[in-house]
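These numbers come from the heavy atoms of this one structure, side chains and all, not from hydrogens, waters or symmetry mates.
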Amino acid sequence: KMSEKDRVIEEKISHSGIFDFKSFYSYAHSWFKEEKFGVVEEKYSEKVSGNSRDITIEWLATRKLSDYFKIEIKIEFKIDGLTDVEVEIDKQRKKMNKGKIEMKINGVIVKDPESKWDKTAFYRFLRDVYNKYVIPGRVENIESKIRKTVIDFKEEIKAFLELTGRR
């Protein structure tokens with residue numbers, strides 16, 4: 001038995017229309033950096049047909065809270081039919097993109113991320129006692145932190161997309 005992972009929350013975003021893919025990507029990335037997460041891009045694939053692209057991206061954002069707790073946020077981006085367009089913003093012509101973005105955001109709590117408590121039967125026993133009696137309050141606290149982080153990210157991204165799409 002390795003470290004324990006429990007999914008706490010899953011959120012989805014869907015957006016169709018005009019946006020700037022590059023700044024959307026870097027905005028999402030820097031949001032996690034500012035929240036002190038490490039971000040690893042686990043997948044980036046692009047299918048091109050004609051002048052349109054389909055892109056799949058998977059990120060794993062992690063933040064260690066203590067020796068025993070870690071937050072993992074998995075983000076899956078699917079961008080379909082991404083094309084380049086020119087739009088006029090404040091009488092200026094600007095290169096933007098058009099397409100459909102779908103995102104899945106999963107917030108996960110990881111207990112004993114380095115499996116330190118897995119080494120012997122006695123340690124495992126202690127861990128079970130610890131999990132059952134000592135930390136439920138802390139776990140609840142961390143789970144609500146994860147929920148808040150995921151929902152904050154979702155709201156920020158939605159606002160970002162709506163703002164660029166409206167102008």
A.B. asks: Please determine whether a side-chain nitrogen of the Lys or Arg among E72 and K5 lies less than 4.0 Å from a carboxylate oxygen of the Asp or Glu.
C.D. replies: yes
A.B. asks: Is there any side-chain hydrogen bond (donor to acceptor under 3.5 Å, both in side chains) pair reaching into residues 32-41, and which pairs are they, with sequence neighbours excluded?
C.D. replies: Y25-E41, E41-W59
A.B. asks: Which residues pass the ring-ring contact (aromatic ring centres under 6.0 Å, His included) test with Y123, sequence neighbours left out?
C.D. replies: W117
A.B. asks: Would you check if D128 and L126 make a side-chain contact, meaning some heavy-atom pair closer than 4.5 Å?
C.D. replies: no
A.B. asks: Mind checking what makes ring-ring contact (aromatic ring centres under 6.0 Å, His included) contact with F32, not counting sequence neighbours?
C.D. replies: F37, F153
A.B. asks: Residues in salt bridge (charged side-chain N to carboxylate O under 4.0 Å, His left out) with R7, at least two apart?
C.D. replies: E10
A.B. asks: Under a 4.5 Å cut-off applied to non-hydrogen side-chain atoms, are V108 and I71 in contact?
C.D. replies: no
A.B. asks: Just how far is it from atom CD1 of I146 to atom CG of L65, taken to the nearest 0.5 Å?
C.D. replies: 7.5 Å
A.B. asks: In this structure, would V8 and V110 fall into the same cluster of hydrophobic residues linked by side-chain contacts under 4.5 Å?
C.D. replies: no
A.B. asks: Below 4.0 angstrom, N of the basic side chain to O of the carboxylate: do D20 and K95 qualify?
C.D. replies: no
A.B. asks: Applying salt bridge (charged side-chain N to carboxylate O under 4.0 Å, His left out), name anything that partners K104, two or more places apart in sequence or on another chain.
C.D. replies: none
A.B. asks: Determine which pairs satisfy ring pair (Phe, Tyr, Trp, His ring centres under 6.0 Å) with at least one residue from residues 91-114, sequence neighbours left out, and list them in order.
C.D. replies: none
A.B. asks: Give the cluster check for V39 versus F21: same hydrophobic cluster or not, with ILVMFWY residues linked at side-chain heavy-atom distances below 4.5 Å.
C.D. replies: yes
A.B. asks: Can E76 and K78 be said to form a salt bridge (charged side-chain N to carboxylate O under 4.0 Å, His left out), step by step?
C.D. replies: CA-CA 7 Å; E76 211 177 287; K78 280 177 85 71; over 6 Å; no
A.B. asks: Can you find a pair of side-chain heavy atoms, one from T56 and one from F77, that are under 4.5 Å apart?
C.D. replies: no
A.B. asks: With sequence neighbours left out, write down each residue that passes salt bridge (charged side-chain N to carboxylate O under 4.0 Å, His left out) with E46, or none if nothing qualifies.
C.D. replies: R53
A.B. asks: Only counting residues at least two apart or in another chain, list the ones meeting salt bridge (charged side-chain N to carboxylate O under 4.0 Å, His left out) with D80.
C.D. replies: none
A.B. asks: For S30, which residues count as a side-chain contact (heavy atoms from CB on, under 4.5 Å) partner, sequence neighbours excluded?
C.D. replies: none
A.B. asks: Is any side-chain heavy atom of V139 less than 4.5 Å from a side-chain heavy atom of F69?
C.D. replies: yes
A.B. asks: Got a sec, which pairs hit ring pair (Phe, Tyr, Trp, His ring centres under 6.0 Å) with one end in residues 86-105, sequence neighbours left out?
C.D. replies: none
A.B. asks: Would you say that F19 contacts F160 through its side chain, given a criterion of any heavy-atom pair below 4.5 Å between the two side chains?
C.D. replies: no
A.B. asks: Measure the spacing between CD1 of I75 and CG of N106 and express it to the nearest 0.5 Å.
C.D. replies: 9.5 Å
A.B. asks: As a quick check of understanding, evaluate side chain to side chain donor-acceptor pair (under 3.5 Å) for N51 and D84, giving each step before the final call.
C.D. replies: CA-CA 8 Å; N51 63 352; D84 297 336; over 6 Å; no
A.B. asks: For S14, what residues pass the side-chain hydrogen bond (donor to acceptor under 3.5 Å, both in side chains) criterion, not counting sequence neighbours?
C.D. replies: none
A.B. asks: For residues 136-161, which residue pairs pass the salt bridge (Lys or Arg N to Asp or Glu O under 4.0 Å) check, not counting sequence neighbours?
C.D. replies: E11-K154, K148-D152
A.B. asks: Is there side-chain contact between N97 and T83, with heavy atoms separated by less than 4.5 Å?
C.D. replies: no
